[in-house]
Every structure is written in structure tokens, then in C-alpha cells.
Visitor: 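There's a structure below that I have some questions on.
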Amino acid sequence: MGDRSAPSIVILTGAGISKESGLDTFRDADGIWAKVRIEDVATPEAFARDPDRVHEFYNARRRQLRGDGIAPNAAHQALARLEQDWPGPVLLVTQNIDDLHERGGSRNVIHMHGELQKARCQACGAVHAWPGDMSRADSCPACASMGMLRVHVVWFGEMPFEMDRIYQSLSNCNLFLSIGTSGNVYPAAGFVQEARLQAGARTVELNLEPSEGASLFADQRYGPATEIVPAYVDALLAGAPKVT
Ligand code: BV8
């Protein structure tokens, strides 16, 4: 793992990889955005307008994530195996705010849209592990300000995290894998172009169905993540397909 002369891989994941672990996606028929409006719960304006509603939305998702029966699946575990056994650098960039990649064994992970079980203080900027419910009655463990904590995620209209590191890795990777994402949300949906045009990388989409950007990928495999991801990782580790 990590021999810089060996081919490097960047992986982008979305909600589809956690679907078979029991977590809803966003845009599928039974998805989150079919139940609540983005404008009411996932924008800074929504939080300013009705913080209790936004806290409740994320408290419910946090309780579900920590609930029984929610665990990493074979797709999460396969990506951890790839990170462990691939001779070159492997970076996992996820749009997911759940912790199933880490619970599946992945270590080199960037949560570009943040993490559900973290709080950020809007007064001092400190970030805290926050496994429980969050409300306006909570004080910041660092500066003691009350009512200034928010969930440490990226809302629409906000800048995603670690964009420089992500673009740096995309601009010199040999293989770009996109897994379980619909390709609707930017800047993540633009990464395939970045990898192709900047690095001349091989680009592969692994998804249940063609995404918005399917035609931008050199290769596609369709099916449930728990089936197609372990199969693709095994083939990759067995030396095929060649990363040319
Ligand atoms: C920004 C955290 C400035 C919170 C999220 C350019 C053009 C148009 C619009 C824009 C643009 N640039 C910016 C915008 C605006 C906006 C945007 O993209 N809007 C969209 C709606 C048009 N983007 C932003 O506001 C971003 N910020 O742009 O800042 C900037 C610009 C340039 C460079 C730097 C900065 C911030 C967006 C982040 C918002 N926060 N999440 C939370 O979770 O509550 S987004 C959230 O939705 C997720 O994190 C994820 O990113 C996105 C959902 O996408 P997916 O994960 O793909 O999920 P989805 O349900 O859509 O699809 C699931 C897929 O899985 C499907 O394809 C399905 O077939 C598949 N699937 C299902 N089951 C399975 C499966 N696959 C395999 N196996 C299965 N079993």
C-alpha cells in the first residue's frame, strides 16, 4: 500500500454504497429528498430560519446510523481491502456523512460533505465528536457558547471540504472509480472530467443504474454495490484490468 511509483486510485462514493446497509439514498423514489425539501433542512438559510427543525432532521439520521442492524456491507469492506492490498496510493472521497467506510476498515478517507456524528461551533469554529442528539440548548465544549453548535456537514451553497487535496489527487491518478452516486451534485459530479482531462485516468462507474454522467466514463458496471464492487476489486487485485 502506498508505493508512489505504482498506479494510484481515487474512489468517489455516494449514498448508493450505503443503501444495502439500510440507509436511504437521496434521489431514489423512497429517497430522503422525496420526504423532505432540501430548502427546509440542508441549506444555511434553513438553519437560520428554523434550527430546531434542522437539528431534528439530523438527530433522526444520527439515531438511525447508530441503530441496530446498520453496519458496513461487502462493498465498504471490499474498498478497505483494496486500500490495504493495492500496491499504489488509494484515496477514498465520499459524499456520505455516515461512518460506514471507516467501520468497514477504510482509513484514507475524505468526507467532502462532512460527518453526521460531528458538531461544529459557529462561534469558535471548533469541531467535536457528537454521537448524540444536538439542540440549541447545547454549549460548545471549547468556548462554552450556547446555541451555536451545528452538524458538521456541507449544506447546499457551502464549500465542500478538502477540495485542494481532492483536486490534487484527481489531477494525477491513474484510475478513477465512481460508486453509488447519481452524478447530480457538484462539484463531486465534475470529478470524472477532472480525472480524465487532467490525468488521462481510466474512469469506471459502478452503480445500480446509469448515472447522469454515465457517458463520461470509459467503463461501466451495473448492479447492487454489494455484488459489483467486491467483484471489481477482486479483478483489480488479481491484476486485471490493467491500469494503463
Ligand atoms: C458548492 C450533506 C461552491 C448534507 C450534501 C454547478 C451546476 C449546478 C449546480 C451547482 C453547480 N455548482 C454548485 C451547484 C449547487 C449545488 C448542486 O450541485 N446542486 C444540485 C442539486 C444541482 N452544489 C452545492 O451547493 C455544493 N457547494 O457548489 O459550493 C463550489 C463550487 C465549485 C467548487 C467548489 C465549491 C455543496 C453540495 C453539498 C450538499 N450536501 N450532503 C446531507 O447529507 O444532509 S449533498 C448530498 O446529496 C450527498 O452528500 C450527495 O452529494 C448528494 C446526493 O447524491 P448521491 O450520493 O449520488 O445520492 P443519490 O440519491 O442522488 O443517488 C444514489 C445513486 O446510487 C443512484 O444513482 C442510484 O442508482 C444508486 N444506487 C441506489 N442503490 C444502489 C445504488 N448503487 C449501487 N448499489 C445499490 N444498492
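Values below: every heavy atom of this structure, side chains too, minus hydrogens, waters and symmetry copies. All ligand and atom numbering here is 1-based and tracks the order in the structure. In this chain, numbering begins with 1 at the start of the sequence shown. None of the values given here were measured: they were computed from a predicted structure.
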Visitor: Does E56 pair with R63 as a salt bridge, N-O distance under 4.0 Å?
Guide: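 Yes.
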Visitor: Ring of W155, cation from R150 - is the NZ or CZ under 6.0 Å from the centre and inside 45° of the axis?
Guide: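 Here R150 passes the 6.0 Å and 45° test against W155.
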Visitor: In plain terms, say whether R103 and D98 are close enough for a salt bridge, that is, a side-chain N and a carboxylate O under 4.0 Å apart.
Guide: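 Salt bridge absent between R103 and D98.
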Visitor: If you take all heavy atoms of G180 and N207, which pair is closest and at what distance?
Guide: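 The answer is CA-OD1, 2.9 Å.
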Visitor: Under a 4.5 Å cut-off applied to non-hydrogen side-chain atoms, are V153 and E158 in contact?
Guide: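 Of all side-chain heavy-atom pairs linking E158 with V153, none is under 4.5 Å.
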Visitor: Write down, by chain and number, every protein residue that brings a non-hydrogen atom to less than 4.0 Å from an atom of ligand 1.
Guide: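 For ligand 1, the residues that come within the 4.0 Å heavy-atom cutoff are G14, A15, G16, K19, E20, T25, F26, R27, D28, Y58, R61, Q95, I97, H113, V154, W155, F156, G157, E158, M159, P160, G180, T181, S182, N184, V185, Y186, P187, N207, L208, E209, G223, P224, A225.
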Visitor: Would you mind reporting whether Q198 and N172 have side-chain heavy atoms less than 4.5 Å apart?
Guide: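 Not in contact.
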